[in-house]
Structure formats: C-alpha cells, structure tokens
Number of protein chains: 2
Amino acid sequence: MATMQDVANLANVSLATVSFTINNSKPVSSKTRAKVEKAMKDLGYRRNAVGSALARGRTHVLALLYPALQHRFSSTSVRFFTSAAHQARLRGYNLVLWPMSNEAEAVSELTASGLVDGVLLMEVQLDDPRVVELAGGAVPFALIGRTRDTKGISFVDVDFETTVENAIDRLSRRGHTNLVLIDGGIGSQLLGGYGPVARARNTFGEVTLQRGLVGSVMSGLETPAGGRALAREFAAEHPDVTGVLLMNEHSAPGFVAELKTVGYAIPQDISIISIASSVDIASMADPELAVLISPADELGRLGVDALIERIDERDKPLPQQLVQCSYSPGHSVGPAPKKRTR
Amino acid sequence: MATMQDVANLANVSLATVSFTINNSKPVSSKTRAKVEKAMKDLGYRRNAVGSALARGRTHVLALLYPALQHRFSSTSVRFFTSAAHQARLRGYNLVLWPMSNEAEAVSELTASGLVDGVLLMEVQLDDPRVVELAGGAVPFALIGRTRDTKGISFVDVDFETTVENAIDRLSRRGHTNLVLIDGGIGSQLLGGYGPVARARNTFGEVTLQRGLVGSVMSGLETPAGGRALAREFAAEHPDVTGVLLMNEHSAPGFVAELKTVGYAIPQDISIISIASSVDIASMADPELAVLISPADELGRLGVDALIERIDERDKPLPQQLVQCSYSPGHSVGPAPKKRTR
DNA sequence: CTGAAAGCGCTTACAG
DNA sequence: CTGAAAGCGCTTACAG
C-alpha cells in the first residue's frame, strides 16, 4: 500500500503538500494539485485511516451498543442496525456493533479505548446504569429511546405516548369502550423499567381514564405460543373487551389464531391494533393486523445524525427528538359489536 | 485520558517497560511490574487502540459486508450479525457493519483504508464480483456462503445439499412421492445466481430424480402476501403434490393460511417443511411448521473464527466448513394421504 | 503557496 | 531485566 510519502516523492512535493491537497486544508496551486492527483492515481493511493485517526484525534468510528441478550430480535432491530450503519457511512463514519450485557463497566472499556468518536445506545431502560456511565465520561453519546430524566441527554425515540393515544382514539372512534393493552415480557417487574412498556402503560392508563373508557393491561411472552396463551387468558378474563392494543408483535400471529380457535371473529368481535411493529410482522397474522409502524429506519438515521451533531458541536442545543408511528390499516379493526356474540 | 508516557512517569520506568508489562512482550521483574500496575490503576490507564493499531499494523477491526438493499431481513440475519459481533468481541476484535450495494468498487474503499484486518462477506452470489475484488487484494477475507468455485477461499456455509436431501427423505419416508420446492424471489433470473437457491434447486432436481419422485419448483415473493399467492398458484397447478419444501420463510404464514382457505388441511392433505428458517418464524404459521433450522448463530461464530484464523496464519490450510441444519418437528408433517381429498 | 519538523500513542528491534 | 530511539502514517502549527 502506498503511503502519503510515496505520493510526495513521486509528485516531487512535500508530505505536507499532499496532505493539504487531499484534505483541502490549505490552498494549493492548481499545478501542484494536478501533480499530486496524478501521483495518487498512479499509485492507487488511499489515505490510511489509522494514521489519520491518530493525528486528528478522530477515528470516525461510532459504536452501536445494544444488549447481547436481546430479549427478542425483531425485524425492526435489523432495519435499525442497517439504517444506522448506512447513515453513518453516508456521513463518513463507520459503525461498530457492540453487544454487551447490562453492566456499566463494559461501557468504559469501549470509551476508554479511544477507538470510537461516539456511542449510540439502544434498548434504554428508564434508569439505565450505562447512561450514567456514559454521562460521566468524555465520549459523546446519544440514545435510541430515553431515560426517565432526559436533561442534558441527546436522544431519538418513538413517541409512544402519542402512539398509544392514537390507537385508543382509533378504537374509541369506532365505538370501543372496553380496551386492553397487551405488552411483552413475563411480568411487570421485568419490563417495568423498560421505557416503551412503562410509557405505554402510563399513557394507556391516563387516556382511558380521561376518556371514560375501561382499560386493563396484560403481559405475555413475545412468541406466537405466548400469543396463544394470551388469547386464552384474554377469553377467560376479559369477556367484555372489544378492543386490543397489542404491543407485543411476535405474539400477534399466535394471539390471533387462538382467538379464532376459541370462537372470536376478527374484526367482528374484536378489533386489534398492533403498536410499534412492522407491516412485515403484522401481515403474518391472519387477518393482517392494523399496525402503528415503528419508524425503525428513521430512528437509526436520526440517531446517527444526533450523535454526529453532538460530536461536531459539543455546545449546540441537544438534539432531542420524538418520532411518530405511521398507520397501516390492515383488516383487524372494525366497529364495536352491538352485542357480544361468541 | 492518561497515556502510556504518563504511566511510565508515575512509575518511574521507561515507556518501553510499560509496554512490555501490558503486553507481556518481554520479561519484567515482579517489582517493576507491580509499580507499573499500580500506576496504571491510579491513573485509570487504558491502552489507546489507535496508537496501538498504528504501531502494530493491526487494528483488530473486522468488517461485515452485506448488501445494503437486503432483499429481505430475516430474524436469521440479526442473529447472525449478533453472534458474529459477539464472537469478534470474545476474540478481541470489533465488528464494523458495512452495508453496500453490489459494486465491487466499494470493497476496495474499505480494504484500502487500512481500517480493517479482515472482511466477512455475507449474501454471496455464485459468481460474486466482490469476491473477485477481495481475492485480488491483500486483506484476508472469509465468506458466509460460497461462490461456485471455492478454490483458495475460506468460507462457512449452510450445507444446503444435505438439508434439501434431508427434507426430501423426511417426506418420502412418510409416503410422499410428489413434491414441490418453493423458493424466494420473483423469478429465477433474479435469484439464479444466489447460492442457496441455486444449490437447493440443483439438489432438489437430482435427488427427486434419483429417488424416483416427482418434483417441481415454484418461486414467490418473500412476504405473507406472496405466500397467499403461492398457495393459490399451488392449488391450481399442483393438485397432485402432497409434500412441500418451503425455502421462503416469510411467505410461510400466508402460504399456510391461504392453503387452509382454499380447502387443504395441514398436515392431512399437505405436509410442509420449512428450510433454512427459524422456529421463531415457523411458529408464526398455524399450524407451526416443521423446520430445518438455519444455524445462524453458528455461522456467525464460525465465520468470525475462520476469518481470524486466516488473519493470524496466512499459510495454514483454508478453513472451509459446511454447517448442518437441525430439525424441529412442528405440526406440519404427516403421512401422505391415501387419496387426495379437497 | 510550499516545506521542515514536531507530534498523535503506541511497539519493537537494538544496545546494555 | 530495562531503556533510548526509530518508526507506524498521518496532521498541523510555524516559518518562509
């Protein structure tokens, strides 16, 4: 591999001049520039990223931190990884995947190595030790998701509050007054600290109350089998509910299949809206579910943008952004039944 | 951030000695070692990865190259990303995600930058321009998947040949003699060059012939809607088929649902084995499909191992490995019906 | 507009 | 066992 010095020699200029030419960091006469460019071309020269990083103090590498034991990988996660990696590339950065357990210590291993210019954190808990660790360090970071207290923190998150309200409105507008919110995880203690679940539950409670609706909450495993179990539990314990907010995408096909098995017709008896999922998954259920689509691509893109902004201008106002879910109607929402028929 | 020089100063030894201590690259007296370790601890010293990389000529960064416009992201891909990243970490490497279009030029942009020690290539085509590009360069690489000609190339791949044969055997053992292979992609021209599809088709053709079975091939979109269309096409054009090898995981729920709609019972009328998919996806269909599980975790792990082996010992025999799919029975396989009933 | 030189944080012959 | 020094490939004041 040719070095900058090789280029300088061939072009009969100094090393510095080659650098100035490449980086446009100082004026270079067009004659010199032409010589340098020819030499670079002849040698197939490419700037070495490591030498450059050491001299600049910038590696142009970002890390994407996420739990190694991801409770469940949705296609949403992949879309997210990919859009983040893509946006990083577009902006001249590289994205390193950094799976880790929830210990805060692994964070400092990363930030202290000097390998990365910034950290993007996924799957944020309301009270996240990793965020505390990052906040104490010198490496810029941004969150996908958000902690309870977002003061001084850059983040991009789904606007779960608005999303849940939106779903409730869509159901109540069709006459549904008795709703259930179904989320993932085995019990509330496990996921109680997980932002999306906590925020959805809170909003669901507040909005149903405020609108004079009846609302209850169920939790199940994030699998089709979990969905079947949920359907049986639902049939047994919530005979009067006609509207479901399903924030547990992987359980959807099983939930719907089992509901039909126990005698419900969808959407004649029960209307269902899947929340923060994708059309890909929603269409695996039969009928295809209405879904408020998690803006995975956008989150990845905006997350990277927020992080780079943080890196470039440490004093500018903090990027904090909530992103909306878009709606895909599917075939799982209808008017509330006049009278429950089983 | 403290540097090695800071540590040396505090410990009253030379920079070199600190390096020897950290890397165990030369004998150091236990007394000196203690001094250095204390200084490191007091300063919270961490070796700077960039300085180290420049001096060693090794960055300990690997790149995972994959198509930016992935035709469809399976949960298998995520598992794969994650297990690769995890294994890289375990072995002291970092994994950079490098989404790219299929142009070979983007490959050299990566390898010439000096940022990565090796490249792992996903979604390999039978004749892949990126492989040609990599083979011409100096950066070690390994494939997940394989080209037509694997001479001189390290790879890890699913043993599709054995997998398809396995599926055929499982069906023919139950009396099925008339089979269809369903794969993804719109037409054969699009996916004809894609290894898994090509190998599955070849093997399917050979084995059915050899066993005296009737075999035909269908292709559809990799979505539930595509699956529904496939089911209708299947019912219309293959009335005598009783066994299906489905290598198109995302179409599975729609395929099964629509089959039932047009009057088939599963597995009474039709037996289905999903190939190179996951239990996660297979269980989204109702009934849950039998599946030959794509060993995504293993591929990620072995791919990274193969690559690192290639980096460490450029002369050793090339790692080339085929990995088997394991079988999960599901509820979609039964004996061939005596007489077709619709 | 161009160049000589110091420096980024390490590693590693070489010498002792 | 320890250290002084060169060098990895670049960037950037500083001087001209």
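Chain letters run A, B, ... following the sequence lines, proteins first and then strands; every chain starts at 1.
A sub-4.0 Å separation between OP1 or OP2 of C:dC10 and a side-chain N or O of B:Tyr45 is present. For B:Ser29, a side-chain nitrogen or oxygen approaches OP1 or OP2 of D:dT2 to under 4.0 Å. Side-chain N/O atoms of B:Arg47 include one lying less than 4.0 angstrom from OP1 or OP2 on C:dT11. Side-chain N/O atoms of A:Asn23 include one lying less than 4.0 angstrom from OP1 or OP2 on D:dT11. Checking the phosphate oxygens (OP1, OP2) of C:dC10, no side-chain nitrogen or oxygen of B:Ser19 falls inside 4.0 Å. One finds no side-chain N or O of A:Ser14 lying less than 4.0 angstrom from the OP1 or OP2 phosphate oxygen of C:dA4.
Remark: the separation of the P atoms in D:dA13 and D:dG9 is 23 Å, to the nearest Å.
A donor-acceptor pair shorter than 3.5 Å can be found between the side chains of B:Ser14 and B:Thr17. For the residue pair A:Ser154 / A:Arg310, a side-chain donor-acceptor distance below 3.5 Å is found, with atom types taken as modelled. Judged by distance alone, the side chains of B:Glu123 and B:Tyr194 do bring a donor and an acceptor atom under 3.5 Å apart. Side-chain atoms of A:Thr59 and A:Asp117 include a donor-acceptor pair closer than 3.5 Å.
The interatomic distance linking B:Asp6 (CG) with C:dC8 (C1') rounds to 13 Å, in whole Å. Taking atom CG of residue B:Leu54 and atom P of nucleotide C:dT11, one finds them 11 Å apart after rounding to whole Å. Spacing between atom CZ of B:Phe20 and atom C1' of C:dA15 amounts to 12 Å, rounded to whole angstrom units. When rounded to the nearest whole Å, the span between NE2 of B:His60 and C1' of C:dG9 equals 16 Å. Note: CG (A:Leu15) to C1' (C:dT2) measures 12 Å, nearest angstrom. Between A:Lys35 atom NZ and C:dG3 atom P the separation is 7 Å, expressed in whole Å. Atom C1' of nucleotide D:dG7 and atom CZ of B:Arg56 are separated by 15 Å, given to the nearest angstrom. Here C:dT12 presents its C1' atom at 14 Å from CD1 of B:Ile22, a figure rounded to the nearest Å.
Counting non-hydrogen atoms under 4.0 angstrom, B:Arg46 reaches the backbone sugars and phosphates but no base.
Taking 4.0 Å as the cut-off between side-chain N and carboxylate O, A:Lys41 and A:Glu37 do not count as a salt-bridged pair. A salt bridge does not link A:Asp297 to A:Arg301: none of the charged side-chain nitrogens sits closer than 4.0 Å to a carboxylate oxygen.
Which of C:dC8, C:dC1, D:dA13 sits closest to the side chain of A:Ala55 comes down to C:dC8. Counting only heavy atoms from C-beta on, A:Val28 has its side chain closest to C:dT2 among C:dT11, D:dC1, C:dT2. For B:Asn48, the side-chain atoms get nearest to C:dG9 when compared with the rest of C:dG9, D:dC10, D:dA5.
Across all strands shown, nothing is found opposite C:dA4 as a Watson-Crick or G-U wobble partner with both distances under 3.5 Å.
In terms of position along DNA chain C, the nucleotide closest to B:Gly51 lies nearer the 5' end than the nucleotide closest to the other residue of the pair B:Lys26 and B:Gly51.
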